[in-house]
Protein chains: 2
Amino acid sequence: MPIESGAFRRPLAQELISRGVRMTRRRRLLVEIIQGAERHPDAVSLWQRARAQDATLNKVTVYRTLGMLKRQGLVDELDLMHLEGEKHFYEARPTRDHIHLACIKCGRIQEFESSLFEKLKGQIERERRFRIEVVRVEAGGYCDRCQE
Amino acid sequence: MPIESGAFRRPLAQELISRGVRMTRRRRLLVEIIQGAERHPDAVSLWQRARAQDATLNKVTVYRTLGMLKRQGLVDELDLMHLEGEKHFYEARPTRDHIHLACIKCGRIQEFESSLFEKLKGQIERERRFRIEVVRVEAGGYCDRCQE
DNA sequence: TTAGCTGCAAAACCTTTGCAGAACG
DNA sequence: CGTTCTGCAAAGGTTTTGCAGCTAA
């Protein structure tokens, strides 16, 4: 099922250019796939999809591009409760943070937005004077379809 | 700095025995270290500490024991925002969930409990009919001591 | 006694690094 | 044209697996 991704400030490629990052054919391809993806891809599946359009693209470039996007704060890295090994999953950073719900049984990933979550972040920043840069909330459990 | 760990139902070794899990010398040693730890250990540092008391203990046993404890739901696995590579950190599951705050600059890990967090979990379970088994909240950012 | 744990060695898996050549601006 | 990116090959780090021997109950 498609994942409802939040609205973005603007396309990643455009954002990168405006930040003075060199825009190459490989990077353009990779960020387009990340933004158009219906499921959060891991590095290897991103590579596989990209290779369909550019057979010469190397896996290492995928890792390097993801590293750059993370450093730029333009993608978030997810673990999705390590339901499928130790790989990471990636999504373009949404305008509003959301929670990922990973079903232990069927593997479905749902997203959940909540004003309580926003309040919780505010509470952390206020009470601990902790300036949040990235926040990750993941829950593992049984989705509505997978309860006896 | 010591991490304030929540109160536990009872010692892990005792809990395991009551669940019919075979209690061996290695397991007893490992769960004692996990429970007494002031910082959440990763697999290798757990192994190193344990080896000080039992030089024959193999790293593989640490991974297998951690796997068993995770399956039993007695330890939680943390990523701590991957501040130090891709390893995982472990803590005995507390009676009350808490949030981990990881400082990007100094590496300090703080814990944070909040009734808002409890409410948020309730909201997820109600609105999505998602039965939460494990939940992980991690924030990366700048702690109070590390802001300009 | 016997099911289950453990050490050892090896493999699997994901990710990073060094370097020479290619490409962007 | 210089800086930065990229492919290739190789290494690095973490975690898992197979199997024979050991151990708790």
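Letters go in sequence order (proteins before strands), and every chain restarts at 1.
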Which nucleotide in the list dC19(D), dC5(C), dC8(D) gets nearest to the side chain of Arg64(B)? dC19(D)

Please tell me if Tyr63(B) has a side-chain N or O lying less than 4.0 Å from either OP1 or OP2 of dT16(D). no

Would you say His88(A) places a side-chain N or O within less than 4.0 Å of OP1 or OP2 belonging to dT15(C)? yes

Taken to the nearest whole Å, CG/Leu29(A) to C1'/dT6(D) is 14 Å

Lys59(B) has an atom NZ; how far is it from atom C1' of dT6(C), in whole Å? 16 Å

Integer-rounded Å distance: dT16(D) C1' and Glu86(A) CD: 10 Å

Could you report the tightest heavy-atom contact between Arg10(A) and Ser18(A), atom names first, then the distance? NH2-OG, 3.1 Å

Answer yes or no: side-chain N or O of Arg26(B) and base N or O of dT6(C) forming a donor-acceptor pair under 3.5 Å. no

Comparing Arg25(B) and Met68(A) on DNA chain D - which has the more 5′ nearest nucleotide: Met68(A)

According to a strict under-4.0 Å criterion, is Thr65(B) in side-chain N/O contact with OP1 or OP2 of dC5(C)? no

Starting at atom CZ of Arg28(A), determine the distance to atom P of dC24(C), rounded to an integer number of angstrom. 10 Å

Does Asn58(B) place a side-chain N or O at less than 4.0 Å from the phosphate oxygens OP1/OP2 of dC8(C)? yes

In whole angstroms, the gap separating P of dT6(D) from CG of Leu66(A) amounts to 12 Å

Looking at Arg27(B), does any N or O in its side chain come under 4.0 Å of the phosphate oxygens OP1/OP2 on dC5(C)? yes

Are Arg93(A) and Glu91(A) ion-paired here, with the side-chain N under 4.0 Å from a carboxylate O? no

Which nucleotide, dT16(C), dC5(D), dT14(D), lies nearest any side-chain atom of Arg22(A)? dC5(D)

Closest non-hydrogen atoms of Arg27(B) and Arg22(B), given as atom of the first, atom of the second and distance, are NH1-O, 2.9 Å

Lys87(B) atom NZ is separated from dT16(D) atom P, nearest whole Å, by 16 Å

On DNA chain C, more 5' by nearest nucleotide between Leu57(B) and Met23(A) is Leu57(B)

With heavy-atom distances below 4.5 Å as the criterion, would you say the side chains of Gln72(B) and Glu15(B) are in contact? no

Could you state the OH-P distance from Tyr90(B) to dT14(D), rounded to the nearest angstrom? 11 Å

All heavy atoms of Ala13(B) vs all of Arg28(B), minimum pair found to be CB-NH1, 4.2 Å

Check whether any side-chain nitrogen or oxygen of Thr24(A) sits under 4.0 Å from OP1 or OP2 of dT6(D), and answer yes or no. yes

Lys70(A) NZ to dC14(C) C1': how many Å, rounded? 12 Å

